[in-house]
Amino acid sequence: MHSLFPPNDPAIFSLPHLASLDVAGLDARAFLNGQLTNDLLNLPADNAQLSALCTAQGRVIANFLLYARPMPEGAEAIRLILSADLASTLPQRLGRYVLRAKVTFADEPLSHLGISGAGAKSEAARLTGILAAAGLPDMPSAPLAVTHKGDNSLLRLPDNDRLILSVPSAHLDDIRRKLEESLPIVATDIWHWLDVRHVLPWVSAATSEAFVPQMMNLEKLGAVSFRKGCYTGQEVVARAQHLGQVKRRLYRVDSNDVLLAGDEWPKGSASPAGKIIQAAPSPDGYGALAVLACETAKATEAIALCPEEHA
């Protein structure tokens, strides 16, 4: 196991599994508000949110961290951060609904770095200085806050301890080199494990269109608005919420076996309880987030992440 598992001090991570798409134009917010599960019209300029894109049947195609990026002359672009293996198809999926909306999909190559340790008060001043010395944005002040400097953006994750830095790919090596002068670089697998530990589920190509948002607890994570207007799949998502028809929910599971997104759980079972969303090596083997049938999950060692839903 890696000697820094988990990192006790601030560290940096390469995040090649994440990609982003900028949706720009006069109608960008209104257009995305009509497609995604969350309310973009009331999203503050200095905040991010969780959201998802669904099929007409309410199945999650992809989920996102998103925020508005300031552009020249007072315009803005909405940046969607998502699993990299879904990014190439996203403009086509969204493009079906553009019609006369004034939006464009930017293809500027972007890369992402992760930074851990932001939640420790003892390290806040040190991290702030490291970011400033590297010419990067200021430390975001709260969970889901975002800051910008030049072409770089810095987002604080909901767990409050981690940051995602988005930079032009052409500048990645230089920025990483500056950060490595002060911080160790840690294996990406540990970042995946921290996603599992902090319950931040990501849909990938292996699980796209497999779950409605509530199966992933996305409404519990603030990724679904039930007060906004219509969006693709909204009727199914609302019906599942108000009629209590969700029979599968998000659980955390552990195993001595290698787990991968899309695997059935339990592995090798003749009657699996559900499917793995994402998995990573853990200090004790493998840990994962899984969508499981609530009734059959009770007979396993899965840990319910929303106990009130599984009573």
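Since this is a predicted model, take the numbers as computed values, not measurements.
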To the closest 0.5 Å, what do you measure between [atom1] ([X]) and [atom2] ([Y])?
X: I185; Y: F13; atom1: CD1; atom2: CZ; result: 9.0 Å
X: D254; Y: I303; atom1: CG; atom2: CD1; result: 5.5 Å
X: N38; Y: Y231; atom1: CG; atom2: OH; result: 9.0 Å
X: S141; Y: N47; atom1: OG; atom2: CG; result: 8.0 Å
X: L32; Y: S51; atom1: CG; atom2: OG; result: 8.5 Å
X: L131; Y: R126; atom1: CG; atom2: CZ; result: 11.0 Å

Ignoring hydrogens and angles, tell me if any N or O in the side chain of [X] forms a donor-acceptor pair with the backbone of [Y] under 3.5 Å.
X: D27; Y: V103; answer: no
X: S204; Y: S83; answer: no
X: K178; Y: A133; answer: no
X: R79; Y: D22; answer: no
X: S208; Y: I61; answer: yes
X: Q49; Y: A223; answer: no
X: T147; Y: P137; answer: no

Flag the pair [X] / [Y] as yes when at least one side-chain heavy-atom distance between them is below 4.5 Å, and no otherwise.
X: N217; Y: P201; value: no
X: L136; Y: L179; value: yes
X: V203; Y: L82; value: no
X: W191; Y: S14; value: no
X: V196; Y: R252; value: yes
X: D173; Y: R176; value: yes
X: L183; Y: L127; value: yes
X: L50; Y: L65; value: yes

With a cut-off of 3.5 Å and sequence neighbours excluded, list every side-chain donor-acceptor pair involving residues 84-98.
{"unit_1": "D85", "atom_1": "OD1", "unit_2": "A205", "atom_2": "N", "d": "3.2"}
{"unit_1": "D85", "atom_1": "OD2", "unit_2": "A205", "atom_2": "N", "d": "3.2"}
{"unit_1": "T89", "atom_1": "OG1", "unit_2": "L86", "atom_2": "O", "d": "3.1"}
{"unit_1": "R93", "atom_1": "NH1", "unit_2": "E209", "atom_2": "OE2", "d": "3.2"}
{"unit_1": "R93", "atom_1": "NH2", "unit_2": "E209", "atom_2": "OE2", "d": "3.3"}

Verify same cluster id: [X], [Y] (apolar side-chain graph, 4.5 Å):
X: L66; Y: L110; answer: no
X: F211; Y: L221; answer: yes
X: F226; Y: V246; answer: yes

So which atom in [X] and which in [Y] form the shortest heavy-atom distance, rounded to 0.1 Å?
X: A106; Y: L21; value: O-CD1, 3.4 Å
X: I130; Y: S182; value: CD1-CB, 3.6 Å
X: C230; Y: Q234; value: SG-OE1, 4.1 Å
X: P184; Y: P10; value: CD-O, 3.4 Å
X: T37; Y: P213; value: CG2-CG, 4.5 Å
X: V23; Y: F105; value: CG2-CD2, 3.8 Å

Enumerate donor-acceptor pairs with a distance under 3.5 Å from any side-chain N or O in residues 153-167 to protein atoms, sequence neighbours excluded.
{"unit_1": "S153", "atom_1": "OG", "unit_2": "R69", "atom_2": "NH1", "d": "2.6"}
{"unit_1": "S153", "atom_1": "OG", "unit_2": "H148", "atom_2": "ND1", "d": "2.7"}
{"unit_1": "R156", "atom_1": "NE", "unit_2": "P140", "atom_2": "O", "d": "3.0"}
{"unit_1": "R156", "atom_1": "NH1", "unit_2": "A118", "atom_2": "O", "d": "3.4"}
{"unit_1": "R156", "atom_1": "NH1", "unit_2": "N160", "atom_2": "O", "d": "2.7"}
{"unit_1": "R156", "atom_1": "NH1", "unit_2": "N160", "atom_2": "OD1", "d": "3.2"}
{"unit_1": "R156", "atom_1": "NH2", "unit_2": "P140", "atom_2": "O", "d": "2.8"}
{"unit_1": "D159", "atom_1": "OD1", "unit_2": "D161", "atom_2": "N", "d": "2.9"}
{"unit_1": "D159", "atom_1": "OD1", "unit_2": "R162", "atom_2": "N", "d": "3.1"}
{"unit_1": "D159", "atom_1": "OD2", "unit_2": "R162", "atom_2": "NE", "d": "2.9"}
{"unit_1": "D159", "atom_1": "OD2", "unit_2": "R162", "atom_2": "NH2", "d": "2.9"}
{"unit_1": "D161", "atom_1": "OD1", "unit_2": "G119", "atom_2": "N", "d": "3.2"}
{"unit_1": "D161", "atom_1": "OD2", "unit_2": "G117", "atom_2": "N", "d": "3.3"}
{"unit_1": "R162", "atom_1": "NH1", "unit_2": "D195", "atom_2": "OD1", "d": "2.9"}
{"unit_1": "R162", "atom_1": "NH2", "unit_2": "D195", "atom_2": "OD1", "d": "2.9"}
{"unit_1": "S166", "atom_1": "OG", "unit_2": "H112", "atom_2": "ND1", "d": "2.9"}

Hey, mind stepping through N152 and I175 against side chain to side chain contact (heavy atoms under 4.5 Å, CB included) and telling me if it holds? CA-CA 10 Å; N152 306 315; I175 290 172; 4.0 Å; yes
- Task: Could you please spell out the steps behind the side chain to side chain contact (heavy atoms under 4.5 Å, CB included) verdict for K228 and N33?
- Result: CA-CA 8 Å; K228 60 175 278 186; N33 197 62; 3.5 Å; yes
Item checked: Evaluation steps, side chain to side chain contact (heavy atoms under 4.5 Å, CB included), between V291 and T207 -> CA-CA 10 Å; V291 171; T207 55; over 6 Å; no
In short, salt bridge (Lys or Arg N to Asp or Glu O under 4.0 Å) pairs touching residues 29-45 with sequence neighbours left out are R29-E76
**Item:** More than 12 heavy atoms of other groups within 6.0 Å of E235 CD
**Value:** no
Report all side-chain donor-acceptor pairs from residues 273-280 shorter than 3.5 Å, counting only partners two or more places apart or in another chain.
{"unit_1": "Q278", "atom_1": "OE1", "unit_2": "W202", "atom_2": "N", "d": "2.4"}
{"unit_1": "Q278", "atom_1": "NE2", "unit_2": "L200", "atom_2": "O", "d": "3.2"}

When you look at Q214 and R249, which way does the side chain to side chain contact (heavy atoms under 4.5 Å, CB included) test go after all the steps?
CA-CA 7 Å; Q214 289 94 331; R249 280 287 186 173; 4.1 Å; yes
The complete set of side chain to side chain donor-acceptor pair (under 3.5 Å) pairs with one or both residues in residues 257-270, sequence neighbours excluded, reads none
Return the set of residues passing side chain to side chain donor-acceptor pair (under 3.5 Å) with S255 (not counting sequence neighbours), or none when no residue passes.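 With sequence neighbours excluded, S255 shows a side chain to side chain donor-acceptor pair (under 3.5 Å) to no residue whatsoever.
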